[in-house]
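Numbers restart at 1 for each chain; the letters A, B, ... are given by sequence-line order, proteins then strands.
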Number of protein chains: 2
Amino acid sequence: MYIAAMPRAATTSDAFNAVAEPRRRAILNYLALQERPVGDIVASLGLEQPSVSKHLRVLRDVGLVHVRRDGRRMLYRTNAEAIRPLHEWTSSFERFWRHQLSRVKERAER
Amino acid sequence: MYIAAMPRAATTSDAFNAVAEPRRRAILNYLALQERPVGDIVASLGLEQPSVSKHLRVLRDVGLVHVRRDGRRMLYRTNAEAIRPLHEWTSSFERFWRHQLSRVKERAER
DNA sequence: TTGACATATTCCCATATCGGAATGTATATT
DNA sequence: AATATACATTCCGATATGGGAATATGTCAA
C-alpha cells in the first residue's frame, strides 16, 4: 500500500496558500474597490491573460473572489470576508508586537 | 542564454510564503508566549524533530523567529514584528468586509 | 577522551506549482 | 453561418517543496 507524500500544500488548499503569491495579492487589491472584467486586470497589472485566468481560478477555489458573467465578460470582485481568517490570525500577535515595541521605547528613553 | 523559470516562490522568500504552511503557524503560535527549546516544540506539536528543525529554519530565514543558544539547546521565540506586514495587508480589506456585513444585515432586517 | 544529548543538515522522491504557448469554449456581431 | 471577442484550460518544463531516514554538528558529562 502506497501512502501519498505530503509536499507543499496546494495553493487552493486555503486562503493562506492562495495569498502567498504576490500577483494574487495584487489582483485582490485591484478587485477590492469594484468588480472588473479579466481584461482590465490584464491591462492594469501587466500580466498575460492566461496567467490572470489561472490566478483567478485559484482565488475562486478558495472563495477569495466572486464572479458573475456579463455577456462575454466575466466580472470578478474580491470577497473580503474570506480574508478575515488571515486578519484574525495575525491579530492574535498584535499584543506581542505592541509589547516588543514598548520595550524598545523604554530602552530608548533610558 | 538560459532564463530561469519562475515556479512557486520559495517559502523563504517572505513571511506570506512562510506562514502558508499550517505547521509553521502552529509553531509561531506556540512560540509567541515564551521562548522554547526545539524539543518542547517536538513534544507539544507531535512532529518529528528534523521536521521541526526544517520549519524553524524557514521561519528564521524570513525573520519570523529569533534564536539563542542555551548550552546544547536552542531557544526559539516568535518575532511578532515580522507578522505585522501580513496584519497590515489584511487590515486594508477590513472596511470592505464591514461594508459587506452591513449590507447583509440590512437585507436581513428588511 | 568517550559518550550521551540536542539540534541541524543532507539525500531521496512524489507532488504542486508558475509562466509560456497553444488550444478550447462561450457569447456577440455581421 | 461565419467571424471576432473574451476568457478558460491544457500541455510542457524547471523548480521548490515537505516528510522520512540517515547522518552530521555541537555541547555537556563522566
**Student:** Would you tell me if any nitrogen or oxygen in the side chain of R57(A) comes within less than 4.0 Å of OP1 or OP2 on dT9(D)?
**Tutor:** yes

**Student:** Between atom CG in L56(A) and atom P in dG19(C), what is the gap in whole Å?
**Tutor:** 12 Å

**Student:** How many angstroms lie between atom CG of L75(B) and atom CG of D70(B), to the nearest 0.5 angstrom?
**Tutor:** 5.0 Å

**Student:** Quick check on the 6.0 Å ring-centre criterion: do W89(A) and H87(B) meet it?
**Tutor:** no

**Student:** Within less than 4.0 Å of OP1 or OP2 of dA8(C), is there a side-chain N or O belonging to Y76(B)?
**Tutor:** yes

**Student:** Less than 3.5 Å between a donor and an acceptor, one on the side chain of Q49(A) and one on the base of dA6(D), is that the case here?
**Tutor:** no

**Student:** Within a strict 4.5 Å, meaning less than it, do heavy atoms of the N79(B) and L64(B) side chains meet?
**Tutor:** no

**Student:** Can you check the E48(B) CD to dA21(D) P distance for me, whole Å?
**Tutor:** 7 Å

**Student:** Could you tell me whether P50(A) contacts a base, only the sugar-phosphate backbone, or nothing, with contacts defined as non-hydrogen atoms closer than 4.0 Å?
**Tutor:** base

**Student:** Is it true that a side-chain atom of R73(B) and a backbone atom of P37(B) form a donor plus acceptor pair closer than 3.5 Å?
**Tutor:** no

**Student:** How long is the line joining CD of E21(A) and C1' of dT17(D), in whole Å?
**Tutor:** 15 Å

**Student:** Could you tell me whether the phosphate oxygens of dG18(D), OP1 or OP2, come under 4.0 Å of any side-chain nitrogen or oxygen in R24(B)?
**Tutor:** yes

**Student:** Over how many whole Å does the gap from R69(B) atom CZ to dA6(C) atom P extend?
**Tutor:** 13 Å

**Student:** Contact class for R60(A) (heavy atom, under 4.0 Å): base, sugar-phosphate, or nothing?
**Tutor:** nothing

**Student:** Taking the side chain as everything from C-beta on, heavy atoms only, tell me whether V62(A) gets closer than 4.5 Å to N17(A).
**Tutor:** no

**Student:** Both G71(A) and V67(B) contact DNA chain C. Which one's nearest nucleotide lies toward the 5' end?
**Tutor:** V67(B)

**Student:** Of A9(A) and S53(A), whose nearest nucleotide on DNA chain D comes first from the 5' end?
**Tutor:** S53(A)

**Student:** How would you label the contact of S51(A) with the nucleic acid (heavy atoms, under 4.0 Å): base, sugar-phosphate, or nothing?
**Tutor:** sugar-phosphate

**Student:** Where each residue is assigned the nucleotide of DNA chain C containing its nearest heavy atom, which of D40(B) and T12(A) is assigned the position nearer the 5′ end?
**Tutor:** D40(B)

**Student:** First locate atom CG of L33(A), then atom CZ of R36(A), and finally report the distance between them rounded to the nearest 0.5 Å.
**Tutor:** 8.0 Å

**Student:** Starting from C1' on dC18(C), measure out to CZ on R25(A) and report it in whole angstrom.
**Tutor:** 15 Å

**Student:** T11(B) near the nucleic acid: base, sugar-phosphate alone, or nothing, with a heavy-atom cut-off under 4.0 Å?
**Tutor:** sugar-phosphate

**Student:** Distance check needed: dG18(D) P versus L59(B) CG, whole Å only.
**Tutor:** 11 Å

**Student:** Starting from P on dG24(C), measure out to CE on M74(A) and report it in whole angstrom.
**Tutor:** 20 Å

**Student:** For dC7(D), take OP1 and OP2 only and decide whether either is under 4.0 Å from a side-chain N or O of R73(A).
**Tutor:** no

**Student:** So does R72(A) get a side-chain nitrogen or oxygen closer than 4.0 Å to the phosphate oxygens (OP1/OP2) of dT25(C)?
**Tutor:** no

**Student:** Using atom CZ of R8(A) as one end and atom P of dG19(D) as the other, report the distance to the nearest whole Å.
**Tutor:** 12 Å

